[in-house]
Amino acid sequence: MLACSDYSLNKGVGDNLPEDSGLLSCPEGEVPADYSVPVDSSCLNEPTVGSFAPVVEWQWSSNPVHSGYHQIMSTPAIANLTDDDGDGDIDEDDIPDICFASFTGSAYTSPGTLSCISGDGSGTHWSITEAGGVQPYGSAGVAIGDIDADGSPEVCVASVSPAVLCLEADGSFKWAAGAEPSYVGCPAIADLDGDGRAEVIMGREILSSRGDVIATGAGGGGYKMSFAVDMDGDGLLEVIAGNTIYTLDGSILWTAPVGDTMPAVGDFDGDGLPDLVLAGAGSVSLVGNDGALRWTTGIYGGGNGGPPTVADFDGDGQPEIGVAGASYYTVYETDGSVRWAQPVSDYSSNVTGSSVFDFEGDGAAEVVYADEHTLWIYDGATGAVELQEEGHASGTLYEYPLIADVDRDGSTEIILPSNNYGISGWNGITVIGDEASSWAPARPIWNQFAYHITNVNNDGSIPAVQTENWLSWNNFRAGGTELGPSHWLADLLPGEPELCLEECAAGRVKLSLSVENRGLLDSRAFTVSLVQEDGIVAWTGSFLGLAAGGGTWTEEVWLDAETWGSGDLQLLVDPDDRVGECDERDNLRVLGRWPC
């Protein structure tokens, strides 16, 4: 007898059986192994120009727990902290929450509050002035992540003494540690040794998930705005602290020959390894992966310069650098030349940050930046103003707006911190959406000041092995989805099925069905259905997702003649259109009439 796989099913299954085949054998065994398929490099999104018609969805402008503590001059963090759907888990199915430090009056260098509020604007979960006797700074940075792998994220904030205060998701004290406090310090979370438990980084200090000091480096600290990536390609993460790169034990890998300013990373020479960008103290510099200085230039228009962003601003496939100064926001080319500059007003500190996001899904990122008076969105290629919102106000430090699906409604929002102690305008948190919901999709998380897409999972867990962000996204402080760049698309289609007729005499047949993704983007969860000619669904299976260039199989499906139906049975992939694809016409395969 012949095996099922000896028969091609490009036509209806019944059309491919030889006249003298008899019964096909149906060998028992495991589902066939996953396999690889070619990827279509042209599977890209047709860009839809966003309306950039801003709508204020909601605002948090007063602290209901600690009256007066509603001024925000630091970057918030976004992640899920509460089990909103009641399934017993805190994960990406719940509504994201926004956590931030705030101060009263003009006391931004003093102790303040740490508050966490619901991302849908429904209320404040908690707000504390101290925990375990430790006070958060009023303009401190916040980081969120599951540091101890217990399924519930922690919230860490720069504090008065010790330097870092970490809380449980409900706001209760976990631990405090660190000997180098800063009122503008921004903790970061990463699993440096890949053991499943994350470390907390504050400047040049490395703290364990239990709050023990693992190491304190002897070099730079990068304004205590550090983070971790695999800088040398050895499979372990290093700490990027300003101009100094540390290993887990605090040893110095190398120190760049420029000032100890604020870092970001991206691959600027196409060698598959990250290069170091530094900005602050009046200059912008690019340092190669070997620690050698590539170039340095003064901040265009003057000023200190804020934390740098990295993205493909013009859609040419190469990363550029965005930095704000006192009087201009500037995008620098890979060689340090100025691509464009737009006038802004940040004479308070001239160290404000920015974020980037591809709102139109065309592969070119827009800039999202807030100065003392205005929220701006600039076209990444030209600097043309796409949004100018005048309600904002800030005395300015290092803060910047975030981009996320903060209420889990499927639409992207901008999350803007503001303060009006010295300038007229908003204070607190303002969440802005697009009236037409035309912006490209975003993640439900932005968990730390030094955010890059692969440093955290959607559910707040910290990856034991961090994917190299520069190999796919090649950006820093940039929004998007965890699946791939926003202009990439998936392409799901039925693969070659297998049919076994060994039990035709018993009135049933066995189908093995495969699905392939020939697009550039990993797919989200989807279903597959067998549908009778008259539209009746005979069977449905589910997939959690499918990687680009991958093929996979369903479990075996047994059908009788009644379930097959009297006409042609059809295999339909993603029948409810959950997955955006570059070709929706290849999701159907006709299996033909009952083959027995």
Side-chain angles (χ1 to χ4, degrees), residues 41-54 264-270 275 277 279 284 286 295 297 299-301 305-325 327-344 352-371 374-389 400-401 403 412 414 434 436 438-442 452-453 469-470 472-481 484-489 520-521:
S41 61
S42 66
C43 192
L44 300 172
N45 184 46
E46 290 290 336
T48 301
V49 177
S51 65
F52 292 102
V265 295
D267 182 3
F268 288 86
D269 55 12
D275 304 303
V277 180
V284 183
L286 179 64
W295 53 262
T297 187
I299 295 293
Y300 184 85
T309 60
V310 174
D312 183 358
F313 288 92
D314 54 7
D316 67 351
Q318 301 295 319
E320 288 86 29
I321 301 165
V323 179
S327 54
Y328 285 92
Y329 186 94
T330 306
V331 169
Y332 301 86
E333 295 281 10
T334 300
D335 62 2
S337 61
V338 172
R339 179 172 183 84
W340 58 260
Q342 275 283 14
V344 299
T352 40
S354 61
S355 53
V356 292
F357 184 70
D358 183 3
F359 286 93
E360 297 169 1
D362 60 356
E366 284 78 32
V367 177
V368 184
Y369 170 69
D371 62 17
T374 306
L375 171 67
W376 303 93
I377 296 181
Y378 300 120
D379 176 80
T382 66
V385 175
E386 296 192 351
L387 182 147
Q388 181 176 352
E389 174 55 67
Y400 64 86
I403 303 102
T412 297
I414 298 169
D434 177 46
S438 65
W439 295 342
H452 51 284
I453 288 172
N469 193 72
W470 50 91
S472 292
W473 293 268
N474 208 8
N475 57 25
F476 201 89
R477 295 189 179 93
T481 74
S486 58
H487 62 305
W488 288 4
L489 286 174
L520 290 168
L521 190 70

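We're numbering straight along the sequence, starting at 1.
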- prompt: When the ring centroid of Trp376 is compared with that of Tyr369, is the distance short of 6.0 Å?
  reply: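 So the answer is no for these two rings.
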
message: Measuring centre to centre across the rings, with the benzene-like ring taken for any Trp, is Phe313 within less than 6.0 Å of Trp340?
response: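 Centroid distance Phe313-Trp340: not below 6.0 Å, so no.
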
Sub-3.5 Å donor-acceptor pair from the side chain of [X] to the main-chain atoms of [Y], do we have one?
| X | Y | value |
| --- | --- | --- |
| Asp275 | Phe268 | yes |
| Asn475 | Asp312 | no |
| Gln342 | Gly383 | yes |
| Asp434 | Ala53 | yes |
| Thr412 | Ala440 | yes |
| Trp473 | Ala311 | no |
| Thr352 | Tyr400 | no |
| Arg477 | Ser354 | no |
| Thr330 | Ala341 | no |

Minimum heavy-atom separation for [X] to [Y], with atom names?
| X | Y | answer |
| --- | --- | --- |
| Gly305 | Val323 | CA-CG1, 4.1 Å |
| Val310 | Val356 | O-CG2, 4.2 Å |
| Leu286 | Val277 | CD1-CG2, 3.9 Å |
| Thr334 | Pro319 | OG1-O, 2.8 Å |
| Tyr329 | Ala324 | CD1-CB, 3.7 Å |
| Phe357 | Gly479 | CD1-C, 3.5 Å |

Enter the distance from [X]:[atom1] to [Y]:[atom2] here, rounded to the nearest 0.5 Å.
| X | Y | atom1 | atom2 | value |
| --- | --- | --- | --- | --- |
| Thr374 | Glu389 | OG1 | CD | 8.5 Å |
| Ile403 | Phe359 | CD1 | CZ | 5.5 Å |
| Leu520 | Leu489 | CG | CG | 8.0 Å |
| Ser472 | Leu521 | OG | CG | 10.0 Å |
| Ile321 | Thr297 | CD1 | OG1 | 10.5 Å |

message: If you apply the rule side chain to side chain contact (heavy atoms under 4.5 Å, CB included), what do you find for Ile414 with Trp439, and how did you get there?
response: CA-CA 11 Å; Ile414 298 169; Trp439 295 342; 4.0 Å; yes

